[in-house]
Trainee: 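Next up is a structure, given as structure tokens.
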Amino acid sequence: MFNKVLIANRGEIAVRIIRACRELGLQTVAVYSENDRQALHVRYADEAYNIGAAPSRDSYLRADKIIECAKKSEAGAIHPGYGFLAERADFAQACLDEGIIFIGPNPSSILSMGDKTVARKTVSKAGVPVVPGTEGEGCLRDEEIMNEAERIGFPLLIKASAGGGGKGMREVNSIEEMPLLLKSARREAEAAFGDGNVYLEKVLEDARHIEFQIIADTHGNIIHLGERECSLQRRHQKMLEETPSPFIDDDPEIRQEMGSVAVKAAQAVGYVNAGTIEFLVDKDKNYYFLEMNTRLQVEHPITEMVTGVDIVKEQIRVARGRQLRYNQEDISQKGWSMECRINAEDPYNNFNPSTGTITHILSPTGPGVRVDTGIYPGFEVSPYYDSLISKLVVWGETRAEAILRMRRALEEYRIIGVRTNIPFYQRLMDSHRFMGAQYDTRFIEERFSLESAEEGLPDRAPIAAVMSTLVAHRQTQLSAQIIQRNERDTSNWKWIGRWERMQR
Ligand code: MV4
């Protein structure tokens, strides 16, 4: 069994994985590009290898060089993190062929979930609801697509079969718009994935984007770790994630149901290791499978904060052939967590990437705050990789406490040398709609921007008043629901206790 892990990634996620290895007593091997010689993941690892020039295709995407480093360093396993090679079935297969353990799912799971038409067909056969749209897998000719479009109705979405995350996606409002948008969607998909195949889905309006974390071992055990609310996106980049989802927080039954559906979807492809099932949920709480991400996700820490499960350590354990350390009954969500993705970009200038040397950092700490980062003072943020420089994660007993902590942490945070999107998040924390959890997938792009927010420093008093009203209202709502739901099966003592709390 392996006792050395090569981390085929960079930045905060590479650091995160190295930390998990350390705690498990495993040796670590970093790989780095020319540009990342001074990066934090290189400093934290036990050994490190230069794998090429700065552009990803010359370094972090070079499967051959990475496997060579694993062999040279006698690393028995490779953790791919997210992005780069994480969802490349051929890379997972190449590891297997070389006798190296790929800390992730089987190549076949990656393949069947990677093609969205195959994924839709596979999970729907297993009884998982999918968004109404084209059925079957494989290529659809323009003519078939036009016929299907009429059947599905408008508005609809053209999506890339090889896509995910919104690339190659087009919204179509009438049959007249179809030919042109179909052409451009195919062209974009071909350029991005080398695969111009597309499929159609009906547009779900006013939907929320809610995903379930699952993890499976090689002994047939599989559990879910609850949901994450991911509706706050900008140009298909998630901006803020929270768990529980405020939208299903008061409804443990739907959580349980969606959780077991997520497990079913993963089982349909014989899934092992950690993965995420994405759902769209409409305002009547109908939910539909969207896609599965066959990797560790950026936003995994918020699930760790409320469940207490160290997802990365669990990934490594199951890759070693161990049984999951938890049953479904062991998993519960305590409190509330949210994450802001701190990017080196200018929120006042169309979120353009901002590069340069970080001269000073003052990181927030204290109760309920976790910062996962790959930077330090003196590090140069380059244009070669994505602009995520840190993830600011908070935990609170309630959503209100989490928001107040996030506000406090954002205020403490100082990053000098590059521009960051921290001001954007400060405004978001002050947004009444966000506080009241009145948002869906269109909120950021249609209703929220720095420009439209009032200028000047926010006045604390009205915000505090709104917050406390919301918290009080929410708590009354919740206790009323608890009492209704549990009348049947709760002891009188508990019932009275809850009643008394509600009366306060
Ligand atoms: C959708 C949708 C509504 N209806 N599919 C898929 C990839 C993700 N990044 C966006 N996706 C969506 N797929 C159907 N059938 C809504 C989204 C969506 C979204 C769309 C536009 C703007 C922001 C969005 C945020 C989350 C989800």
Side-chain angles (χ1 to χ4, degrees), residues 82-83 87 113-117 119-121 123-124 128-135 140 145 148-149 151-173 177-178 181-182 185 188-189 192-193 198-212 227-243 245-248 258 265 276-295 297-299 339 341 351 386 388 424 428 433-434 437-449:
Y82 54 71
E87 290 177 284
M113 288 302 185
D115 185 318
K116 307 304 163 188
T117 63
R120 278 166 61 84
K121 189 172 177 182
V123 304
S124 82
V128 175
V130 299
V131 185
T134 47
E135 278 155 38
L140 288 165
I145 294 221
E148 284 290 291
R151 182 183 64 82
I152 295 161
F154 297 90
L156 57 74
L157 283 167
I158 306 175
K159 294 189 178 187
S161 306
K167 227 182 232 152
M169 198 162 107
R170 295 287 183 282
E171 185 168 339
V172 191
N173 290 302
E177 290 178 11
M178 275 298 288
L181 289 171
L182 184 55
E188 188 174 318
F193 315 110
V198 296
Y199 64 104
L200 305 178
E201 272 183 11
K202 195 173 162 57
V203 171
L204 287 189
E205 319 246 15
D206 308 318
R208 301 237 178 179
H209 192 289
I210 298 177
E211 60 185 30
F212 274 72
E227 80 282 9
R228 292 185 288 257
E229 170 66 62
C230 300
S231 297
L232 291 175
Q233 304 188 9
R234 187 182 167 277
R235 306 215 168 141
H236 303 301
Q237 291 285 14
K238 290 171 187 157
M239 296 292 293
L240 178 137
E241 305 92 349
E242 58 180 315
T243 183
S245 162
F247 196 55
I248 64 172
M258 289 177 73
T276 298
I277 311 287
E278 296 187 353
F279 292 102
L280 279 177
V281 186
D282 70 17
K283 51 184 180 307
D284 303 318
K285 295 193 180 170
N286 299 305
Y287 56 88
Y288 306 90
F289 171 89
L290 201 55
E291 53 193 67
M292 179 173 191
N293 301 316
T294 56
R295 60 164 191 275
Q297 287 195 236
V298 177
E299 60 270 30
E339 171 187 276
R341 297 185 182 196
F351 294 85
D386 72 21
L388 183 76
F424 169 89
L428 184 63
R433 280 183 157 263
F434 176 72
Q438 299 297 305
Y439 64 80
D440 61 26
T441 51
R442 283 205 279 252
F443 174 65
I444 297 255
E445 272 159 295
E446 289 182 5
R447 294 173 178 273
F448 185 81
S449 73

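Owing to the predicted nature of the structure, the values given are computational and were not obtained by experimental measurement. Whatever order the structure lists ligands and atoms in, that order sets their numbers, starting from 1.
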Trainee: Does the side chain of R234 come within less than 4.5 Å of F448's, by heavy atoms?
Mentor: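 In short, these two side chains do not touch, never coming nearer than 4.5 Å.
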Trainee: Would R170 and E188 pass as an ion pair if we require N to O under 4.0 Å?
Mentor: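 A salt bridge is present here (some side-chain N lies under 4.0 Å from a carboxylate O).
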Trainee: Need the ligand 1 atom indices (1-based, order shown) with element for anything under 4.0 Å from a heavy-atom of V203.
Mentor: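 Those of ligand 1 that fall under 4.0 Å from V203 are 4 (N).
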Trainee: Would you mind checking which non-hydrogen protein atom is closest to atom 12 (C) of ligand 1, with the distance to 0.1 Å?
Mentor: M169 CE, 4.0 Å
Trainee: Excluding sequence neighbours, so at least two apart, what forms side chain to side chain contact (heavy atoms under 4.5 Å, CB included) with K283?
Mentor: D206
Trainee: Which heavy atom of the protein is the closest neighbour of atom 14 (C) of ligand 1, given with residue, atom name and distance?
Mentor: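 Its nearest protein heavy-atom neighbour is L157 CD1, 3.3 Å.
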Trainee: What heavy-atom pair brings S161 and V198 nearest, and what distance separates the two atoms?
Mentor: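 Shortest heavy-atom separation between S161 and V198 comes out as OG-N, 3.6 Å.
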Trainee: Between the candidates I444, L200, L280, which shows the shortest non-hydrogen contact distance to atom 17 (C) of ligand 1?
Mentor: L280
Trainee: With the threshold set at 4.0 Å, does a side-chain nitrogen-carboxylate oxygen contact exist between R208 and E227?
Mentor: no
Trainee: Quick check on the 6.0 Å ring-centre criterion: do F289 and F212 meet it?
Mentor: no
Trainee: The criterion is side chain to side chain donor-acceptor pair (under 3.5 Å); which residues satisfy it with R235, sequence neighbours excluded?
Mentor: none
Trainee: So if I count the atoms of ligand 1 from 1 in the order they appear, which ones are less than 4.0 Å from some heavy atom of K202?
Mentor: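 This gives 4 (N), 14 (C), 15 (N) as the contact atoms.
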Trainee: Under 3.5 Å between any N/O of S231 and any N/O of ligand 1: does that happen in this structure?
Mentor: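 Among all N and O atoms of S231, none is under 3.5 Å from an N or O of ligand 1.
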Trainee: Check step by step if ring-ring contact (aromatic ring centres under 6.0 Å, His included) holds for F351 and F424.
Mentor: CA-CA 10 Å; F351 294 85; F424 169 89; 5.5 Å; yes
Trainee: Would you mind checking which non-hydrogen protein atom is closest to atom 20 (C) of ligand 1, with the distance to 0.1 Å?
Mentor: H236 CE1, 3.7 Å
Trainee: By number and element, which atoms of ligand 1 are closer than 4.0 Å to a non-hydrogen atom of V131?
Mentor: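 It comes down to these atoms of ligand 1: 15 (N).
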Trainee: With the threshold set at under 4.0 angstrom, would you say K159 reaches ligand 1 through any of its heavy atoms?
Mentor: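 Right, K159 reaches ligand 1.
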Trainee: Report the nearest protein non-hydrogen atom to atom 7 (C) of ligand 1: residue, atom name, distance rounded to 0.1 Å.
Mentor: G166 N, 3.6 Å
Trainee: Under a 4.0 angstrom heavy-atom cut-off, which atoms of ligand 1 come close to H209?
Mentor: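 With H209 as reference, the close atoms of ligand 1 come out as 26 (C), 27 (C).
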Trainee: Looking at ligand 1, does R442 have a heavy atom less than 4.0 Å from it?
Mentor: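 Contact check R442 vs ligand 1: negative.
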Trainee: Relative to each other, are the rings of Y287 and F279 parallel, tilted or perpendicular (30° and 60° limits)?
Mentor: perpendicular
Trainee: Please write down residue, atom name and distance for the protein heavy atom closest to atom 24 (C) of ligand 1.
Mentor: T441 CB, 3.6 Å
Trainee: Would you say ligand 1 has an N or O under 3.5 Å from any N or O of E201?
Mentor: yes
Trainee: Polar-atom distance check: L204 versus ligand 1, any N or O pair below 3.5 Å?
Mentor: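 N/O-N/O distance under 3.5 Å: yes.
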Trainee: Would you please say whether a donor-acceptor pair under 3.5 Å links the side chains of T276 and E211?
Mentor: no
